[in-house]
Amino acid sequence: MTLELFSQYIFAGITYGIIYAIVAIGFNIIYNTTGIINFAQGEFVMLGGMTAISFNHYLPLPLAIICAVLVTMLIGALIEIAFIRWLESPSVLRMIIITIGLSIIIREMALHVWGDSVRALPYFSGNVVSSITIMGASISPQVLWVLAVCSLMVILLSLFFKFTSLGKEMQACAANRLAATLCGINAKNMVTFSFMLSAALGAVAGCVVSPITSSQYDMGTGLAIKGFTVAVLGGLGNSMAAVAAGLLLGIIEAFSIAVGFPLAFQDAIAISLLLLILFVRPHGLFGNKEAARLKEF
Amino acid sequence: MTTKKLSALALLVAFMVGVQLTTHVTGTSYYLTQLTMTIYSCLLIIGLCLVMGYAGQISLGHAGFFAIGGYISAALTTFNFRPALEGGSSWVELLNTTGLFTSRTSMFGEPLLSVQPWIACLLAVSLTALIALLIGIPVLKLKGHYLAMATLGFGIIIFRIVLAMEIFGEADGISDVPGFTLLPGLTVNGNLDNRVVNYYIAAAFLISGFALLLNLIDSRVGRALRAIHGAEDAADAMGIDTARYKLYTFVLSAVFAAVAGVLLTHYSGGISPSDAGVMKSVRYVAIVAIGGMASLWGALTMGGLLNFLSLRGLFGSYDDAVFGAILIIIMLFAPEGVLRLKLWCKLKGHKEEG
């Protein structure tokens, strides 16, 4: 394999990988504050892309994306307030089924609103054929957009959790909900906020990849299962590890095509990896076994 | 078997016969086709009910087991071995002399040589059981979210496989699956003049499966399962081999799903990738949840009702959305199932007092 081809596959891998990482971080934010895995996480990505496409008919692209993110955040908040907030210590099984139900409803509503056609946002700069040559690989400028926006989100997010009072309050809730409540933090609002945050993350990711991968009403499930794979691979709840794991999965997928693995089975790779990790190392590649034992899965 | 259970089963038999007679009298026997399909779905659902309600393990991959059963039986009974035989393949010749194959002609008069349905059925069901066993050993060690995701992942892999492999017909699925002659005179197929017979064949399968499960949950195994559901660690401490019981129920329910898959495929004459889809699995989980998780009767009635309404096309293009909404509403307001709503119990309580 030539160097050009190699770097071409690497770029393809990290583009997808970073999207998986963003979905995984969305899982982690909600998991940390509530202990729930939100099976509707992939639907946020779909909603972000689809609403941005619709807004783009009337608004310039940047404004359309901002509006789409805000709308998705609002939907995230409404979902939490309507379906999660008032339940008193629900069982894990119950929460799984509720979020699965939500993902179906969102998907079916999207089907009735937008139909089953494949849509895409226009390229942020340049067009389909424009390309930039880096390390011998010719890549679309949109790939750079994806990498830049997603990296920026990850950095901002870690700064948010480290330095802002709201971020610290959310972390306090994640660490010990009762103690946080006793310190005067409104834990319920923090949960709502975590849904909004992870909806916003998903929506931004959905917008930046839309020109490359296109958006369709049923794209959520596949992304959700890959995002979950990545979240588990890195260790559930650990966002920085999720980025590493995301890139890893993206690159594995890209090179599986390079070695001639049939494209139709590409999804099967991620899922087999998920099953393997769950069976041999459920605390993740970077997770701590002792700490994982204390969590309720 | 206690008299209570016997009378309940007798009631079920009477109901099944009653439905057939009603359709006969009112001249609506076209309902029977959809009823037969509903019955096969119910067979899968009561199996899933055992896993979810009694062993307390969620499975989002049961459509996968249904598909393994249906697809393997369909592929074996439609794959034409005649060219291989004429090409002089020695193992096909050997298998042919053992009577595993059956000759027939296709719609266009072309001679076909395919596997005997009985053999195909046995292979399909035992392969499903084997896969369930191999998958179940690691999967059932997981709990909660991880179990849900692992079974969901299994379902998606099966879906991808049937969608990508030429032998399974890719996106078109497999059609022209021949009938399945259980005994001389009893054939599972979609012929209209065979409709009543097929309805009773399906009913016989469902009732025997149901009786088996009713007995199972009242046995030592059933008590062990309920102990596992209540508190797995406690059950473990009481000397119940929790892993083994969970595995056995999982495999048994996979076998139920596979049998349903085989029979329904031969009945409707084909199977398509959507039968293996995630949405189908979610739908089965929804029905078990509505029935009240740990209630075979609940699963049976709700499975019958909702599947039939869905097959009649009552929900139109909102079919999947309806099941999603049902899931949410049930889990929010009545996690014990509709038949055990608080309001309902209160009314019943008042009645007993007064």
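Everything numeric here is computed off the predicted structure, so don't read it as measured data. Order of the sequence lines fixes the chain letters, A, B, ..., with proteins taken first and strands second; residue numbering starts at 1 for each chain. All values below come from the heavy atoms of this structure, side chains included, with hydrogens, waters and symmetry mates left out.
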**Message:** Side chains of B/Val285 and A/Ile100, heavy atoms from C-beta outward: is any pair under 4.5 Å?
**Reply:** no
**Request:** Decide yes or no on side chain to side chain contact (heavy atoms under 4.5 Å, CB included) for A/Ile37 and B/Tyr146, but give the supporting numbers first.
**Result:** CA-CA 10 Å; A/Ile37 291 291; B/Tyr146 283 11; over 6 Å; no
**Prompt:** So how far is it from A/Ile98 CD1 to B/Met331 CE, rounded to the nearest 0.5 Å?
**Reply:** 7.5 Å
**Asked** Highest number of heavy-atom pairs under 4.5 Å with chain B: which of A/Leu111, A/Ile105, A/Leu87?
**Response** A/Ile105
**Message:** So, taking the atom named CD1 in A/Ile104 and the one named CG in B/Leu327, what distance separates them when rounded to the nearest 0.5 Å?
**Reply:** 6.0 Å
**Message:** Walk me through whether B/Leu152 and A/Ile271 qualify under side chain to side chain contact (heavy atoms under 4.5 Å, CB included).
**Reply:** CA-CA 9 Å; B/Leu152 184 66; A/Ile271 298 164; over 6 Å; no
**Item:** Under 4.5 Å from a heavy atom of chain B, the part of A/Ser272 involved
**Value:** both
**Prompt:** What part of A/Leu274 is in contact with chain B, defined as an atom under 4.5 angstrom from a non-hydrogen atom: side chain, backbone, both or neither?
**Reply:** side chain
**Asked** Would you say B/Met279 and A/Glu108 make side-chain contact, with heavy atoms under 4.5 Å?
**Response** no
**Request:** Pick one of side chain, backbone, both or neither for B/Val322, based on which atoms fall under 4.5 Å of a heavy atom in chain A.
**Result:** neither
**Chi angles and distances behind the side chain to side chain contact (heavy atoms under 4.5 Å, CB included) call for B/Leu332, A/Phe83** = CA-CA 7 Å; B/Leu332 284 180; A/Phe83 298 107; 3.4 Å; yes
**Prompt:** So which part of B/Ile161 gets closer than 4.5 Å to some heavy atom of chain A, the side chain, the backbone, both or neither?
**Reply:** both
**Request:** Starting at CG of A/Leu275, measure out to CE of B/Met149 and round the result to the nearest 0.5 Å.
**Result:** 11.5 Å
**Fill in**
Shortest non-hydrogen pair, B/Ile328 vs A/Leu102, comes out as CD1-N, 3.4 Å
